[in-house]
Structures are given as C-alpha cells and as structure tokens.
Amino acid sequence: MRKAKLFNVMVASASALSLAACSGSGTPETTAPSETTTTAAVTEAPATEASAAEDETTEAQGPVTYDAKGSGYGGELNLKVTIDGDTITDLELGDHHETNVVMDRAFPVIRERILEANTPVVDSVTAATFSSYAVKAAVADAMTQAGMEVENITMATKGPEKEAKTLDDVTADIVVVGGGPSGLAAAITAKQANKDAYVLVVEKMDILSGNGKFDMNFYDLINSQAQKAAGNEKWTVNQVENFIEAKSAAGDDEARVKVWAEQENVLDAWLRDMGVELDYNYSAMNHMAKEDQYAGEVIQAGMEECAKELGIEIRTGTKGIDLIMEEGRCAGVSVENNDNESYAVRAQYTIIATGGFCSSKELLAEYAPGYEVLNTSNQMGTTGDFVKVFEANGFKMEQMDNVRVFPNIIVPRRDLTGGADLSLLVNKEGARFISENAGGLNLGTTIQAQTDGAVFSITDKTGYDSFYRIRKHVGLGYYSQGETLAELAEALGIDPAGLEQTVADFNEAVESETEDELLGEVASRPLDAEGPYYGVRIEAANHMTKGGVSCNENAQVLYEDGSVVEGLYAAGEVTWQSGGYSQSVAFGRVAGEQAATNLR
C-alpha cells in the first residue's frame with residue numbers, strides 16, 4: 001500500500017475520551033462508536049490496493065474524490081475526501097447528525113489539522129471529541145480506498161507529542177480567560193468602551209462559547225422588544241424596580257442586584273446592535289430567538305462574529321494556568337497551549353471567566369459532597385481550573401456547596417429535555433416512583449436506585465404540543481413513539497402492563513380529583529386517552545455549580561477580608577451568582593467596561 005506523505009505513525013491507546021457538549025452538552029457513550037463502513041469512491045477512477053503499475057496510473061490521473069463514512073456522536077457522518085497522489089487536498093462535510101453548534105465550529109479546525117498534517121492522526125478538537133473522531137475515521141476510510149496506509153483510528157488517536165517550550169511574555173491591555181458567554185461579553189464590551197485597547201481572549205477549548213451555545217432560554221431579560229410586542233408591561237414599565245424586587249431574596253447583595261437589573265435593562269438593545277434578535281418572549285423574562293429557535297445558538301454566534309469584527313485577538317487551545325500576582329495586584333496570567341508552549345500574558349487588567357466545576361468529580365466531592373455521583377449537563381471545560389488558584393491567593397469563596405440539578409437530561413445524549421405541561425416519570429417496571437415535581441440531589445440518586453438506573457419521561461400529544469424543546473427532540477429522533485402505551489413501552493423496554501396500569505391509576509385519580517400520592521396535590525390533567533405517546537430515557541444531572549469567587553458590583557474579585565484584588569475581575573459561573581446565562585453576560589459586560597475605563 002502507498003504511504004501518505006508526512007505520515008507519522010503513533011501508537012495510541014484505545015481508551016475512549018469524553019465529548020462535552022453535544023446539543024445541551026452531549027454525554028459521551030460508555031463505548032466508542034463503531035468503526036467506519038467503507039464505501040465506494042465517487043471518482044473518475046476506482047480505488048484499489050493495486051500493483052505498482054496501477055499505483056502510478058492512479059497518481060498520474062490527478063485528484064480523486066472518495067465518499068467516506070465515520071460514526072460520530074449522532075450516528076453516521078458522510079465526508080467527501082479528495083486525494084491527489086499521496087496528498088489529502090480537500091475535505092467536504094456531507095450529511096451528518098452531529099450538533100450543528102458544535103460541528104460548525106469544530107469542522108474547520110479538524111479539517112485544517114488533517115490537511116496540514118496530511119493524515120487523520122491528529123489531535124481531536126476539544127469539546128468535539130466524538131465529532132472529530134468521525135471525521136478522522138472517515139478520512140482513514142478514504143485513504144484505505146485509495147490504497148494508502150493508515151493506522152487504525154480510535155477515540156484516543158492523537159497527533160505526535162510536541163516538545164515543551166517556554167515563549168516570551170505577551171503584553172496586553174486586558175486579558176480575558178475563557179471564551180464562553182461572560183468572557184466574550186467582557187471582551188466585546190471592553191473593546192467597545194476603548195477601541196484602542198489590546199484585548200486578548202484565551203480559551204482552553206478549541207471552540208468558543210462554552211455551554212451558552214446550547215441554551216434554549218435567555219432568561220431574566222427585561223425591557224426587550226419581544227416583551228413590548230407581547231404587552232408584557234411588568235418587565236417594560238418600571239422594569240428595573242420590578243427586577244430588583246423580584247431578585248431581592250435571590251442571594252446576591254443589594255449593590256450587585258441593582259447593577260444586574262441595570263444591565264438586564266440594556267442587554268436586548270446591546271444584542272440587537274450586533275444583529276442578535278430575541279423575538280420570542282414567553283413566561284415573564286424568558287426569551288428564545290424564535291418560537292422554534294434556541295436563543296443560545298444565535299447569541300453566541302453573534303458575539304463570536306462581533307468579537308472578530310472588532311479585531312479582538314482570540315487564542316483557542318490556550319489554558320490559563322495561574323495568576324501573576326505582584327504585591328497583591330494581579331498583573332496577568334500564565335498560560336499553556338496545545339502546542340505545549342507556555343508563556344505569561346502580562347496585562348493591566350485580567351478578567352477570569354472560566355466557568356464552574358460541574359465536570360470535576362474531585363472538586364464536587366470536596367465542596368459539594370454527594371453531587372459527584374451525578375452526571376453533568378454542562379460542557380467538558382467546566383473543571384474549576386482557578387478554584388485552587390483563588391484559594392491559594394486568599395480570595396473570598398462563596399456558596400461552594402450550591403449546585404443546581406437539572407431534572408431531565410436525555411440518556412445518553414445529555415440534552416436538556418422536559419417542559420411539557422404533563423409528563424410522568426416511570427421506571428422499567430412502568431411504575432411511578434417519585435413526584436414529577438421533585439428535584440435536586442434526591443431526584444438524581446432516586447433515579448439511580450431504580451432497576452438498571454433506568455427512568456423514562458412519558459408524555460402525550462398534548463404535552464408534545466405544549467413545549468418546543470420536546471417537539472424538537474421528537475423531530476430529531478431522540479424520543480421513542482407509540483400509538484398505544486403498549487407500543488411505547490415496547491420501544492423503551494418498559495413493562496407494558498405496568499405502564500398501562502400506572503396510567504390508568506393516575507387518570508382515575510385525576511378524574512376523581514383525588515390528591516396524587518406522589519405529587520401531594522391533585523394532578524393538573526389526565527394523560528390523553530389516545531396516542532400518540534412519547535418517551536425518552538432521562539437522568540437528573542448537575543447543571544451548574546453556583547458557588548465561586550466573590551465579586552463586588554463592579555465585578556472586582558475580593559480578598560477574604562472583603563478588600564478588592566487590584567487588577568482582577570471575574571464574571572459568570574466562576575463566581576458566586578444566583579442567576580445563570582444572562583447574568584453571566586451582564587457581569588461580563590460590567591467587567592469589560594470597568595477594565596477598559598480604568599486603563600492607564
């Protein structure tokens with residue numbers, strides 16, 4: 001067989017790596033996807049493992065394009081691979097079932113790596129491990145069709161080890177550590193406030209936007225055009241005062257709540273200025289882009305494009321390691337990149353926006369004991385990289401045992417689901433076992449205690465119609481369906497008789513207005529008497545760690561005694577904050593504006 005030019009063979013271990021964040025983060029399977037299926041080449045000439053003479057003919061005929069397949073997180077991925085002689089010259093993505101908010105960001109990166117190295121034996125794109133595997137395996141498939149030698153591609157396949165190097169210091173005006181919602185908001189606002197500032201963003205993942213790109217809902221937003229169009233007067237008239245009153249007992253101090261309210265009041269206009277339109281308002285302060293389009297994918301794509309247009313330098317695959325502290329002031333951050341290069345970024349102001357620690361079992365066990373047994377719906381970068389750095393420098397930490405558990409994520413995908421006006425939780429026996437209104441760690445461990453840890457969320461056509469998230473997941477094929485409860489039970493592996501009896505008992509209680517034993521109240525309505533019915537296996541998962549480093553209303557990090565750490569800001573899930581997505585963006589903006597305004 002012919003050998004690819006520049007081909008470097010490495011022995012890679014066969015252990016599977018995790019994928020974060022596929023559609024609501026994306027849970028890794030416990031086993032790697034199946035190996036690729038070889039397909040016929042779409043070419044002017046067939047590919048064969050041929051004699052030397054045939055080899056020369058193939059090389060002489062010019063570029064040949066092969067249809068190849070790989071198995072990704074969502075299933076089969078199709079790729080057109082063009083090979084000219086022994087050189088891979090082009091990769092064109094075809095039909096696939098990967099999450100677009102991941103694949104749109106990851107494919108250009110993995111494509112560039114493969115073309116540059118002329119081999120699929122390259123590092124996967126962090127935060128897109130399964131999708132990277134699919135592309136690399138498809139390229140190997142095409143190379144095999146072309147009669148080229150290529151090693152077996154596994155989930156653990158990576159590029160050659162790189163020699164460690166220490167580079168010269170980099171000097172910036174403002175360095176932002178983390179390219180998620182709060183980090184991008186900080187960088188954009190800083191650049192808008194001071195167009196001459198050198199703003200540098202470092203992000204340890206190979207793609208941007210953290211978990212925000214998967215979020216359906218941008219909540220806690222006030223004074224939006226969508227609210228005005230909907231006549232939602234509470235949040236468009238005296239909206240700042242109403243917001244402060246609503247959040248007065250949330251846990252943030254009074255000064256931060258006031259700033260938070262003021263930021264939420266202008267976020268819609270700020271987003272619209274960069275072309276991000278959240279036109280669907282539902283249930284008070286909740287927003288989507290459209291009735292059938294998630295907010296996160298639009299917001300994060302808009303912020304990434306805006307950062308690019310503003311000329312903000314973004315270095316992905318670059319992890320913040322430690323703070324540079326000089327006489328009590330932060331003077332920058334030490335970083336290390338995927339090329340095994342380490343250097344210092346010295347800056348007048350540093351903004352930490354690295355997220356929480358949902359993906360660190362060790363930190364969960366230490367700070368929120370018990371929660372480490374649950375899976376997470378958050379993306380793989382939430383490993384609490386700066387928790388120990390903050391502690392070592394004597395910074396104030398708050399609410400470290402405060403974890404938000406999301407009650408329904410799809411097994412094994414990890415997409416957030418639920419939201420129907422009625423759904424029943426049943427185990428493999430078809431029996432209900434806990435209130436559908438239950439939450440927190442108790443829900444998670446109770447689910448794990450069921451037979452095989454298997455629990456299913458069941459709804460009907462009325463429930464399907466009541467919430468877009470379920471309609472989307474049914475359309476994507478994540479849910480099983482049945483015209484009867486028995487058909488649904490068969491598809492899910494539930495005892496049919498048990499499910500039918502459970503639903504009959506539930507409906508009888510509703511019709512007789514009897515208090516439901518598990519709900520502790522009269523259920524809102526019965527399950528539809530006729531199908532179709534929909535069901536999916538679910539688990540409860542750690543969605544956010546709420547605790548983190550303490551900051552004041554200006555997003556300045558605080559020492560344990562409450563004094564300000566000069567030169568250092570933080571925003572988002574790395575801090576203690578009672579809210580989530582939009583609060584992360586709000587205080588990212590605060591940090592960016594404060595840093596830019598205070599530049600010497």
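For the single chain, residues carry numbers from 1 onward in sequence order.
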To the nearest 0.5 Å, atom OG1 of T99 lies from atom CZ of R105 at 11.5 Å
Taken in chain and number order and not counting sequence neighbours, the residues that satisfy salt bridge (charged side-chain N to carboxylate O under 4.0 Å, His left out) with D495 are none
Sorted by chain and residue number, the ring-ring contact (aromatic ring centres under 6.0 Å, His included) partners of H543 (sequence neighbours excluded) come out as F406
For residues 418-439, the ring pair (Phe, Tyr, Trp, His ring centres under 6.0 Å) pairs (sequence neighbours left out) are none
Looking at E304 and K213, is any side-chain nitrogen of the basic one under 4.0 Å from a carboxylate oxygen of the acidic one? no
Rounded to the nearest 0.5 angstrom, the CD-NZ distance for E398 and K546 is 13.0 Å
The ring-ring contact (aromatic ring centres under 6.0 Å, His included) partners of Y534 (sequence neighbours excluded) come to Y464
With Y73 as partner, the option from H96, H97, E98 fulfilling side-chain contact (heavy atoms from CB on, under 4.5 Å) is E98
For F395, the ring-ring contact (aromatic ring centres under 6.0 Å, His included) test, sequence neighbours excluded, returns F390, Y559
Is it true that D460 and R525 make a salt bridge, defined as a side-chain N closer than 4.0 Å to a carboxylate O?
yes
**Between D206 and N338: side-chain donor-acceptor atoms closer than 3.5 Å** = yes
In this structure, CD1 of I207 is separated from OG of S131 (nearest 0.5 Å) by 8.5 Å
Taken in chain and number order and not counting sequence neighbours, the residues that satisfy side-chain contact (heavy atoms from CB on, under 4.5 Å) with K428 are T451, D452, A454, F456
| query | Is a donor on one side and an acceptor on the other found under 3.5 Å between the side chain of T417 and the backbone of I410? | reply | no
Only one of R113, K136, K158 passes side-chain contact (heavy atoms from CB on, under 4.5 Å) with S124, and that residue is K136
